[in-house]
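One-based numbering, in listed order, for ligands and for the atoms of each. It should be emphasised that the depicted structure is a prediction, and the values quoted were computed from it without experimental measurement. By convention here, the first residue in the shown sequence is residue 1.
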Amino acid sequence: MQIQALKANFLEHSAELLVIPVWSTPELKLGSLKHLDPVFQKRLTKATKSFDFKANLGQVIVVAAPADMKAEHILLLGMGARSQNLESWREAAGAALNTAKRFNLQSLAFDLTGQTPAVAGAVTEAALLAAYTFETYKVANGQKIKTLDLVTNDGKNLAGLKKSLEKSLVVMDAVTLVRDMVNTPAQEMTPDHMADAAAAVAQASGKLIKVKIMGREGCKKLNMGAYLAVAQGSDHEPKFIHLSYTSPRPTKKTLALVGKGVTFDSGGLSLKPADAMMHMKTDMAGGAAVIGLFATLSHLKPRVNIHGIIPATENMVSGLSVHPGDIVRASNGTTIEILNTDAEGRLTLADAITYVLKEKPDAIVDLATLTGACLVALGEEITGLMTNNKQLGSQVMKAAQVAGEKMWELPLEERYREQIISDTADLRNIATSRYGGVLTAGLFIREFVNNTPWVHLDIAGPAYAERPMASYLGKGATGHGVRTLVELVENF
Ligand code: BES
Ligand code: ZN
Ligand code: ZN
C-alpha cells in the first residue's frame, strides 16, 4: 500500500472510497460535508437515520458518491465522542480499512483536515496493521489496497503530517518484519535464520549497527551453562545474537534490550501437551521485537546507545536433552536446578542478561513470551510489566500508552522469592507454589540483573493473537513491543 499526505480539497479528491470522520457529540455532526450539494447532504442524513448511524467508534456506512464528485463512494466513519485519543483513531481507521477490504476497493482517502501530525501517524499505523497479511505459504494471494491518501486542505499542516507519516512508515516496516518472523514456522525460523535476520538489519544500517553471533562453542567459553542447557536437546545450533547501535548523536546513555528467542518450545522432556505446543513457533517473539527495533534505528537515529541481545535456541527433546533435576551453572556463577525443562525462557535470559551487564547499561528491558501464567493473570491482550525501578517502569508504561500497546504492572513480591530457592542449588527454575507463576518468573530473572534498573515485559499474551485484538490487529503475530520500544528509545 502506498500512503501519502497531500493538500487538496477533500470533496474534490479522486478515490474509490472517501473516508469522512464523524463525531457523535454533542450531536451527530456532518461538519465536513457542509460544502456538499444540499440534495446529496439530505441523502446522507437520510442514510444515517435509516442505517441507525450514531457515529459510535468504528461504526461505518457507505453511500455512493454523487455523479459530480470524482470519488466513487463515501464512507462515514464513526469516531465516537470527540477526543484527541489516538487509540480511537487507530480503531476507527482499522474499521475503514476492513470495509475497503470487504468491498475490494483499492484506493482510499482520509479527510485529516485540522488534525494533528500524531493522528496522521496513528492512521498510517492502523492502516498498515489492518492491511497486513502473511501469505508466504499461500498459493493464491488476495486483493490488496493500493493507495491511501491522507488529505488536508490546510497547507500549513501538511509538513507536520508528512513527517509523522514518514516515521510511522519506518516503524511499520519493522512491525511487519517482526510479524513475518513470528508467523514463519519453526521449520524455517531456526536460530540460524534469526541470526541471519539480525545480520541483515545490521547490514542495511550503514555501519550504525554491528552484529556479533556466537554458536555453541563461543557460549561455552563464556560459561553460559543455563542457555546451553536449553539448547543441548536440539540439532539446530544455538545462536547468541548481539546487536549494537552506536548513536551518531552525542550521548552517554546506554540501553540494553534482551529478547527471548526460543524458535520452538516443545517443553523439552517436560513435554507440552499438543494443544499448548501448537503455537510455540511464536516463542521467539521477544527476540524478533528487538530485531525489529534495530531495523528502525538507522532511520530514527535516537540519542542513546543500544545493545540488543537475543539468545536464540530451540527447546527440544532428544537423547541429549537436559533432564528435570539437572543442575547447571549460569555464566554469573549462580547454580540452577532445572526442575521443569519447559521453564526454559528464564534460563536463556539469565545468561543473556549476565552477558550484557559487561556493557554497563543504564537500563535493561527484556521482552519474553515467558509464562502461561501471565495469560491467566492479564488475558490475551495485556503485557505484564515488572520492574526493580519505579522511574524506568513508568517510562516504559508511558511509552506503551503512547504507542497503543497494553501493559500492566505486576508486583515483584519479596515474600515469593523463597519459592525459587532450591534445596540443592542456588535457584530452582520453577516455583514451589503453582500460583503466581508470572511473578516468580520475574523474580527469577531479577536474580541476574544486579540492581541495574530493569523492566521485564512478559508478552506471552499479546505477541500472538488467536482472535483479533483490535479492528486493526487481526489473527496471528502482532509485532507487539516494537512500537513501545521505539517510543522508549526516542525519549530515553
Ligand atoms: N513459552 C512458554 C510460555 C507461553 C505459554 C508463551 C503460552 C506463550 C503462550 C514458556 O516457556 C513456558 O512453557 N512456561 C511455563 C513455565 C512453567 C513450567 C513454570 C508455563 O507457563 O507453563
Ligand atoms: Zn517453555
Ligand atoms: Zn518458552
* Counting only N and O atoms by type, is there a donor-acceptor contact under 3.5 Å from the side chain of Thr341 to the main-chain atoms of Leu269? -> yes

* Nearest to the Zn ion (ligand 2), which N, O or S atom of Glu344 do we find? -> OE1

* **OH/Tyr416: more than 12 non-hydrogen atoms of other groups inside 6.0 Å** => no

* For the Zn ion (ligand 2), find the closest N/O/S atom belonging to Asp265 and write down its atom name. => OD2

* Between the Zn ion (ligand 3) and Lys260, is there an N, O or S atom separated by less than 2.8 Å? -> yes

* Asked: Ala460 heavy atoms, cut-off 4.0 Å: which ligand 1 atoms fall inside?
  -> 6 (C), 8 (C)

* Asked: With backbone taken as N, CA, C and O and side chain as the heavy atoms from C-beta onward, which portion of Leu375 lies under 4.0 Å from ligand 1: side chain, backbone, both, or neither?
  -> side chain

* Under 4.0 Å to a heavy atom of Asn340 - the qualifying atoms of ligand 1, by number -> 18 (C)

* Determine the interplanar angle of the Phe448 and Phe444 rings, folded into 0 to 90°, and report it as parallel if under 30°, tilted if 30 to 60°, perpendicular if over 60°. => tilted

* Structure fact -> Nearest heavy atom to atom 10 (C) of ligand 1, choosing from Ile459, Val438, Leu370, belongs to Leu370

* N/O to N/O below 3.5 Å, does that happen between Thr371 and ligand 1? -> no

* Structure fact -> the protein heavy atom lying closest to atom 2 (C) of ligand 1 turns out to be Asp265 OD2, 3.5 Å

* Tell me, which N, O or S atom in Asp283 is closest to the Zn ion (ligand 3)? -> OD2

* Structure fact -> ligand 1 to Ile430, heavy atom cutoff 4.0 Å, flagged ligand atoms 19 (C)

* To do: Say whether Asn332 and Thr334, considering side chains only, have a donor N or O and an acceptor N or O under 3.5 Å apart.
  => yes

* When you look at CD of Gln106, are more than 12 heavy atoms from neighbouring residues, nucleotides or ligands closer to it than 6.0 Å? -> yes

* Structure fact -> ligand 1 to Glu344, heavy atom cutoff 4.0 Å, flagged ligand atoms 11 (O)

* Asked: Is any side-chain N of the basic residue among Arg346 and Glu447 closer than 4.0 Å to the acidic one's carboxylate O?
  -> no

* Asked: Is the shortest side-chain N to carboxylate O distance from Lys260 to Glu344 below 4.0 Å?
  -> yes

* **Nearest protein heavy atom with distance in Å, relative to atom 15 (C) of ligand 1** => Asp342 O, 4.0 Å

* For atom 21 (O) of ligand 1, what's the nearest protein heavy atom and its distance? -> Gly372 N, 2.7 Å

* **Option of least heavy-atom distance to atom 17 (C) of ligand 1 (set: Cys374, Gly268, Ala343)** => Ala343

* Determine, using heavy atoms of Lys260 and all atoms of ligand 1, whether some pair is separated by less than 4.0 Å. => yes

* Inspect the contact between Glu87 and Arg90 and indicate whether a charged nitrogen and a carboxylate oxygen are less than 4.0 angstrom apart. => yes

* Numbering the atoms of ligand 1 from 1, which are under 4.0 Å from a heavy atom of Lys272? -> 2 (C), 12 (C), 13 (O)

* Structure fact -> Exactly one of Asn315, Thr263, Thr369 clears side-chain hydrogen bond (donor to acceptor under 3.5 Å, both in side chains) with Asp283, and that residue is Thr369

* Ignoring hydrogens and angles, state whether a donor on the side chain of Thr371 or Asp458 is under 3.5 Å from an acceptor on the partner side chain. => yes

* Are Thr440 and Gln419 close enough that a side-chain donor and a side-chain acceptor fall under 3.5 Å? -> no

* To do: Considering heavy atoms of the protein only, find what lies nearest to atom 16 (C) of ligand 1 and give residue, atom and distance to 0.1 Å.
  => Arg346 NH2, 3.9 Å

* Lys/Arg-Asp/Glu bridge criterion (N-O < 4.0 Å) met for Lys167, Glu487 -> yes

* Structure fact -> Here the atoms of ligand 1 under 4.0 Å from any heavy atom belonging to Met280 are 1 (N), 4 (C), 5 (C), 6 (C), 7 (C), 8 (C), 9 (C)

